[in-house]
Structures are given as structure tokens and as C-alpha cells.
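Working notes, structure below.
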Amino acid sequence: MGKRIKATATEVGISQEALRYYEKKGIIKPERLANGYRSYTPEQITELKYVSVMKYAHFSLTEIATMTSLFAKPPTPECNQTSKKYLVKK
């Protein structure tokens, strides 16, 4: 079982509202438990830490959504080009 929203927000250093907003924007997709609570896996917590770094580096939410969508894909030259394009831009 993963961590709930409060523990995740504390660990990542962002607000619970930010987590809900990231979910709404499709940046993160926590599992929903039978009682409706969000459950964040260790991998998602790591992704959220990357999101925090990208926000600090002034990535837009669109850019962050693109970058986080690459996490779920296998490494390919296209994936590398996309991520490199955004990283070089910043």
C-alpha cells in the first residue's frame, strides 16, 4: 500500500492542493483505494520530486506533463530527443 495524500505532500514538500491539481492536470495518477482515498506509490513520490525540481527550474505545467509522460515509456531515441529539447531550453 502506498502513502496517502498528506504523507506524500509532506515528503515531497508541496501542498495537498498542489497534488490534487497535478492529478487534475494528468501529471500524476494516484491509485484510488476502495474508500476513495488517494494512494501514492514510491515511484510516484519520486516522480513528484522531479516535478518539484522542474517547477523550481520554471518548467510550465505543459512541459512537466510532457516530461512525466515520458517516465512511463520505454527509453527510445525519440524519448531522449524530447526530454533533451526541454532540458536544453531551460
Side-chain angles (χ1 to χ4, degrees):
M1 185 166 121
K3 291 186 178 184
R4 292 198 182 150
I5 193 167
K6 184 175 181 180
T8 300
T10 300
E11 182 174 337
V12 177
I14 60 177
S15 69
Q16 293 177 48
E17 291 79 19
L19 285 174
R20 289 183 193 100
Y21 186 71
Y22 293 157
E23 180 182 0
K24 180 180 175 184
K25 291 295 184 181
I27 292 171
I28 195 81
K29 295 174 182 94
E31 178 185 348
R32 289 291 186 142
L33 303 176
N35 59 9
Y37 291 164
R38 293 166 177 86
S39 179
Y40 296 88
T41 65
E43 294 81 14
Q44 289 173 321
I45 292 170
T46 300
E47 287 179 22
L48 286 165
K49 289 177 182 179
Y50 286 129
V51 169
S52 292
V53 171
M54 288 186 273
K55 285 294 292 176
Y56 183 77
H58 304 288
F59 279 72
S60 70
L61 286 178
T62 302
E63 292 168 331
I64 290 171
T66 300
M67 293 290 285
T68 57
S69 72
L70 298 175
F71 294 154
K73 296 180 180 178
T76 64
E78 292 169 343
C79 175
N80 289 339
Q81 281 183 333
T82 301
S83 60
K84 188 175 183 177
K85 177 181 87 172
Y86 285 113
L87 292 171
V88 167
K89 183 179 172 182
K90 296 299 173 183

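It should be emphasised that the depicted structure is a prediction, and the values quoted were computed from it without experimental measurement.
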Review point. Can you hop from Phe71 to Ile64 via hydrophobic side chains spaced under 4.5 Å?
Key: yes

Review point. Closest heavy-atom contact between Ile27 and Thr68?
Key: O-OG1, 3.6 Å

Review point. Which atoms form the tightest heavy-atom contact between Ala9 and Ser15, and what is the distance?
Key: CB-C, 4.0 Å

Exercise for review: Examine Tyr50 and Leu61 and state if one hydrophobic cluster contains both, with Ile, Leu, Val, Met, Phe, Trp and Tyr joined whenever side-chain heavy atoms are less than 4.5 Å apart.
Suggested key: yes

Practice item. State whether the side chain of Ser39 and the backbone N or O of Gly2 hold a donor-acceptor pair below 3.5 Å, judged by distance alone. Key: yes

**Study point:** side chain to side chain contact (heavy atoms under 4.5 Å, CB included) partner of Arg38, the single match among Gln44, Arg4, Arg20
**Key:** Arg20

Review point. Just wondering, are more than 12 heavy atoms of other shown residues or ligands nearer than 6.0 Å to OH in Tyr21?
Key: no

Practice item. Report yes if the side chains of Lys84 and Asn80 come closer than 4.5 Å at any heavy-atom pair, otherwise no. Key: no

Point to revise | Heavy-atom pair with the smallest gap, counting every atom of Val12 and Lys49 | key: CG1-N, 4.2 Å

Review point. Does Lys55 reach the side chain of Tyr22, with side-chain heavy atoms less than 4.5 Å apart?
Key: yes

**Study point:** Salt bridge flag under 4.0 Å for residues Glu78 and Lys73
**Key:** no

**Study point:** For the student: nearest non-hydrogen atoms of His58 and Glu63, plus distance
**Key:** O-OE1, 4.3 Å

**Study point:** Sub-4.5 Å side-chain heavy-atom contact between Glu11 and Leu48
**Key:** no

Check your understanding: Under a 4.5 Å side-chain heavy-atom rule over Ile, Leu, Val, Met, Phe, Trp and Tyr, are Met54 and Leu87 clustered together?
Key -> yes

**Study point:** Pair Arg32 + Glu23, salt bridge at N-O below 4.0 Å
**Key:** yes

